[in-house]
Amino acid sequence: MQELRDLARKLFQERKIDALLGYECDRRGVRPAFVKAADECDRLIFDQRCVHNLAAYLSPRRSHVVALGRLAVVIKSCDARAVAGLIRENQLKREDVVLIGVRCGGVVLNPDEPGELESRNTAPRCVGCEQREPALADHIVGEPKTAPAGNQDRDARLSEIESMNLDERLGLWVDLLSRCTRCHACRQVCPMCFCERCVADKTLPAWIESSPHSRGNFAWHLTRALHLAGRCVDCGECERACPAEIPLGLLNRKAARIVSARYGYTVTDDPSKPAPIGTYRLDDGQEFME
Amino acid sequence: MSKRRFLSKPDLGPFVLDLIGSGARVIAPVRRLERGRDFIEYRQVRDPNDIVLGGPLPVRPLKEIVFPPTETLFRWRQAKSLIEIEESPTSFEETVIVGATPCDAAALEIVDHVMGWDYKDELWFGRRQATAVLAVACTQCDESCFCTAVGLSPQSTRGADWFLTPSKEGFEIEVLTPKGELLLERHDTRCPEASGSPAARASQVADKVQANLKMQPGKIRSWLERHFEDPLWKDIALRCHGCGACAFSCPACHCFDIMDEPEGMEGGSRRRNWDACQPALFTLHGSGHNPRKDQTARFRQRIMHKFNIYPARFGEVLCSGCGRCIRVCAAGMDLIGILSEIGHRAEEAESAL
Amino acid sequence: MNLYQPHLVCIDQIIEETADTRTLRLSFQNPSIAAEFDFKAGQFGEYSVFGAGECTFCIASPPTRKGYLEASFKVVGKVTRAMRRLNVGDTMGFRGPYGNCFPVEEMKGKNVVFIAGGIGLAPVRCLIWNALDLRDQFNDVTIIYGARSVADLVYKRELDDWGRRSDVRLHQCVDPGGETPDWKGDVCFVPTLVEKVAPSPKDSFAVVCGPPIVITLTLPLLERIGFAPERIYTTLENRMKCGIGKCGRCNVGPVYVCKDGPVFTSAQLKSLPPEY
Amino acid sequence: MGFEPKIVAFVCNWCTYTGADLAGTSRIAMAPNVRIIRLPCTGRIDTLFILKAFERGADGVIVSGCHPADCHYTSGNYHARRRFAVFRELMEFVGIDPLRVTFSWVSASEGGKWAEVVNRATEQVRRLGPFETYPRAGRRVSYERRQDGENAKVRKEYL
């Protein structure tokens with residue numbers, strides 16, 4: 001922790017940055033912190049409750065963050081994939097941001113979760129995560145960590161749904177999505193949803209109906225999953241942000257499975273590796289085409 | 001007018017079945033397992049065993065029962081230049097809410113002001129009229145609750161037709177409104193007169209809630225009136241993602257959008273959908289001009305509307321202190337923290353005078 | 001029938017004002033509603049095209065002329081585009097009238113200065129005709145109107161009419177670069193023309209409508225000339241959905257523009273936060 | 001009268017549309033259930049078009065364009081192929097029958113193949129019946145707890 005604060009202070013003192021995005025304690029747990037001066041650096045913390053993917057604040061649509069000036073961001077190795085995604089899609093220049101990588105041994109589900117990291121409360125994405133530190137970072141801080149314990153099969157529910165028949169699946173999704181009120185929290189917290197104007201907000205024509213009935217919800221959630229196929233960094237923020245507790249990650253995980261099976265692609269923190277949708281190979285599978 | 005009755009625990013199930021049998025739609029808190037965690041949500045129940053009374057606060061508020069997230073205002077059918085309008089009904093299915101939390105019940109009454117202050121919204125009041133609210137004293141709170149700070153309490157009976165206070169053997173019922181009386185008449189035999197002195201109301205919960213936030217709405221309001229421009233807003237709003245999660249999970253937020261949706265090829269429906277003041281699109285003009293151009297302005301609007309505009313118009317804050325906005329916020333925006341900061345500043349400003 | 005259900009109106013006439021502005025003359029299909037319908041100058045309505053949605057416009061025709069109402073609109077968004085596609089005889093929806101109005105009674109016997117820019121002439125036109133139809137009840141009538149170019153001037157025929165009348169003083173201008181060789185008016189911005197005309201504040205009311213820039217520049221100018229802020233009127237054009245003080249969209253500080261407005265005095269505007 | 005499916009075909013301007021035209025001018029008999037919407041390229045066919053067609057009452061959709069290597073814009077169909085591959089599987093995952101959407105390559109000279117695609121798609125959709133299970137009714141459903149075997153009821157409720 002001290003290492004992180006010292007580094008932050010040094011960056012401010014050397015005038016390398018104008019503001020730093022990290023984590024701080026609040027009344028209930030941990031929340032994102034916007035540090036604007038060297039003497040504020042002691043607020044910074046990093047522990048297993050630092051769940052948030054701060055890359056979401058780096059998108060150019062966040063005018064109030066852009067106005068802060070040159071930024072440093074604290075990232076975990078999973079967040080690095082989102083930063084890489086933004087760089088890959090020309091939303092961010094690598095040299096415009098200072099990345100402070102923290103060694104991470106897994107995080108909990110929610111930032112207000114008390115107690116230590118156990119297999120019971122480990123965020124699903126951390127189980128099986130092999131990256132302890134982000135390769136993309138400029139600086140790496142923190143004690144060396146071990147991989148998080150936990151052996152739950154995070155894809156058990158996915159496999160269960162896949163084994164259902166069509167009617168059962170439709171029933172399940174109609175039920176789950178019936179809770180959606182279209183607050184669009186899933187989109188707003190997503191580091192990869194950076195469009196200036198989302199297709200769901202377009203009115204000429206209104207491709208996706210804004211009403212939270214099944215028709216509108218199906219169009220929205222299917223399209224969201226498709227637009228994130230091969231781009232979703234699996235940070236789980238959409239699921240955490242959903243006030244209706246809809247397991248949105250399932251759709252993203254399914255899309256990731258599809259692109260992995262079809263195009264051998266898994267999301268990476270290498271900005272130079274192209275995402276699967278937007279590129280093609282001449283010999284892509286087309287068994288479904290007549 | 002309040003009458004005291006008693007409903008024993010074993011009688012709760014048959015009582016609910018009576019309600020369903022009488023043709024009413026019964027909404028109650030039920031348990032749901034999602035992502036390895038337990039949630040409570042208001043849902044229609046068919047089996048009384050599903051009902052969880054006195055559990056944690058349901059994740060989504062009660063308002064969707066009287067103010068659905070999407071509802072049809074009317075339908076139209078078109079043949080060339082001829083339009084035919086099919087009206088939406090203004091009478092609604094009889095609904096009984098068994099086990100509303102006091103904060104959710106009170107919020108309905110708070111929103112009544114705006115829905116009826118000049119033009120009377122028949123859709124809101126139609127559903128309100130058709131809905132009986134049986135609130136139950138709140139026995140669980142967490143660090144996001146602050147109902148006591150907005151003049152309510154875990155035992156507040158506001159907005160309730162019946163108020164249930166749990167005891168060892170069952171529930172003591174206070175019948176509070178004519179609508180409640182009517183309901184009692186129909187289910188008189190299940191609910192005998194309560195004997196003995198009124199059940200003691202636990203105050204530990206209220207004490208815990210009080211410890212979360214102490215606030216004087218009047219002082220907050222006078223500070224807000226004078227500080228439309230303040231560096232505080234910018235600082236707070238930095239974190240905000242600009243989603244509508246807070247407003248959509250708020251029992252008192254009532255802003256909406258009106259949309260036309262073609263259905264099939266010859267007609268469609270005009271709908272009213274929930275909307276929130278946080279997305280930029282809310283106030284965006286056709287010309288591209290946006291009166292609330294950044295998140296700072298939009299977040300300020302949310303606080304202003306709840307704690308300044310609404311009290312100025314209707315005499316009370318647009319908040320029932322349920323704390324859902326705090327719990328759902330992915331960015332850790334903390335209304336309790338913000339209000340206590342404003343309260344603190346208000347005190348300072350006062351002492352500086 | 002709930003509050004949000006519109007009355008059906010028929011398009012009787014379409015007047016092309018400019019390349020992207022039109023005026024529709026509408027009449028109620030239900031004769032009993034047509035007979036009952038009344039409004040005051042400055043009020044607005046929610047006009048709908050079924051399938052596209054609702055849009056808020058002031059009623060551009062004066063209340064002194066019964067049997068129809070007019071709406072002038074510029075094509076910008078979804079609903080106005082749909083409105084442009086409609087023909088004479090097509091059906092639209094109308095809810096209203098909503099909002100407050102200009103203090104016509106107070107203005108009687110006084111001088112009135114009308115200042116408008118572009119499509120902002122629509123709400124003012126309602127009041128102008130109201131005054132001209134009751135001409136003997138008003139003192140001097142001055143109209144100062146400007147648009148970006150000669151082609152962008154709306155209500156051209158009426159402008160000619162007003163220009164010919166001896167009981168109306170009309171001053172027109174177009175922005176520099178917007179003039180044509182035979183343009184006889186001034187070439188400047190609306191506030192500059194106001195400065196040049198310098199209407200006398202004595203016993204006068206001013207009504208200003210137009211794009212935000214015209215309003216923000218003209219209001220202080222009028223005050224400098226000597227108009228009391230309480231006697232300068234303008235309209236706010238916040239985005240609205242319900243029009244009846246429910247949907248929460250048009251709040252400017254504690255004010256619901258749809259209920260407390262759209263007509264405000266310059267004095268009232270000063271007490272509001274700049275969110276319009 | 002039996003069920004006659006409504007099918008919307010989104011086709012590319014350069015190959016399939018011309019192919020469909022050829023089928024017509026060659027007087028090849030085919031099912032009359034298909035309404036064609038012409039677009040510049042399969043790359044322009046957004047998956048939202050498919051969803052919109054279902055929302056507004058289509059029972060089936062055909063998407064068709066140039067064969068690989070024949071795209072008028074060099075690579076539009078390759079991009080589309082990836083997108084449709086992922087979309088198709090996602091659709092299946094949420095319970096929409098992939099048999100309702102037919103993807104095909106039909107060149108300008110393949111009038112006969114177009115007729116085959118149309119006939120086969122029509123037959124397929126006819127067998128599946130009207131697509132009433134698509135949540136098109138625009139009603140918000142309130143569900144009681146879902147239990148196994150309750151799906152039939154669930155489905156009925158949102159119709």
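Sequence lines set the chain letters: A, B, ... in the order given, protein chains first and strands last, and positions in each chain run from 1.
Using a 4.5 Å cut-off between heavy atoms, D/Leu48 contacts chain A through both its backbone and its side chain. Contact of A/Pro205 with chain D is not made at all, since no heavy-atom distance falls under 4.5 Å. Heavy atoms closer than 4.5 Å to chain D are found in both the backbone and the side chain of A/Ala219. Residue D/Glu92 touches chain A through both its backbone and its side chain, counting heavy-atom pairs closer than 4.5 Å. In this structure, chain D has heavy atoms under 4.5 Å from both the backbone and the side chain of A/Leu251. Interface remark: A/Ser211 contributes no atoms to any contact with chain D (heavy atom separation under 4.5 Å). Contacts of A/Ala261 with chain D are absent, with no heavy-atom separation under 4.5 Å from either backbone or side chain. Neither the backbone nor the side chain of A/Arg257 comes within less than 4.5 Å of any heavy atom of chain D. Contacts between A/Asn252 and chain D at a heavy-atom distance below 4.5 Å are absent for every atom of the residue.
In terms of heavy-atom pairs under 4.5 angstrom with chain A, the leader among D/Pro98, D/Ala85, D/Pro68 is D/Ala85. Among D/Leu90, D/Val101, D/Asp97, the residue with the largest count of heavy-atom pairs under 4.5 Å with chain A is D/Leu90. Listed options A/Leu176, A/Thr223, A/Leu166 were ranked by heavy-atom pairs under 4.5 angstrom with chain D; first place goes to A/Leu166.
Listed by first then second residue, pairs satisfying salt bridge (Lys or Arg N to Asp or Glu O under 4.0 Å) with a partner in residues 9-38 of chain D number zero, not counting sequence neighbours. Listed by first and then second residue, the ring-ring contact (aromatic ring centres under 6.0 Å, His included) pairs that reach into residues 252-282 of chain A are A/Tyr280-D/Tyr78, A/Tyr280-D/His79, sequence neighbours excluded.
Scanning all heavy atoms of the two residues, the minimum distance from D/Lys113 to A/Glu290 falls at NZ-O, 3.3 Å. The shortest non-hydrogen separation linking A/Phe288 to D/Phe103 is CD1-CD1, 3.6 Å. Of all heavy-atom pairs between A/Thr279 and D/Arg82, the closest is O-CD, 3.2 Å. Minimum heavy-atom separation, D/Glu89 to A/Lys254: O-CE, 4.4 Å. Closest approach of A/Leu222 and D/Ile96 over heavy atoms only: CD1-CD1, 4.1 Å.
A 6.0 Å sphere centred on CD of A/Glu287 holds more than 12 heavy atoms belonging to other residues, nucleotides or ligands.
Within the model, atoms NZ of D/Lys52 and CD1 of A/Ile208 stand 8.5 Å from one another, a figure rounded to the nearest 0.5 Å. Taking OG of D/Ser64 as the reference point, atom CE of A/Met289 lies at 7.0 Å (rounded to 0.5 Å).
Legend: residues meeting salt bridge (Lys or Arg N to Asp or Glu O under 4.0 Å) with D/Arg126, ordered by chain and number and at least two apart, are D/Glu4, D/Glu123.
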Worksheet entry | Derivation and outcome, side chain to side chain contact (heavy atoms under 4.5 Å, CB included), residues A/Arg281 and D/Arg81 | CA-CA 10 Å; A/Arg281 284 170 56 101; D/Arg81 185 167 63 185; over 6 Å; no

Item to complete: Would you please test D/Val94 and A/Leu172 for side chain to side chain contact (heavy atoms under 4.5 Å, CB included) and show each step?
Response: CA-CA 8 Å; D/Val94 297; A/Leu172 173 75; over 6 Å; no

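Within the 4.5 Å cutoff, the side chain of A/Trp207 has heavy atoms near those of the D/Phe49 side chain. A 4.5 Å side-chain heavy-atom check between A/Leu158 and D/Phe93 finds at least one atom pair inside the cut-off.
Residues from residues 194-203 of chain A that place a non-hydrogen atom less than 4.5 Å from a non-hydrogen atom of chain D comprise A/Val199, given in numerical order.
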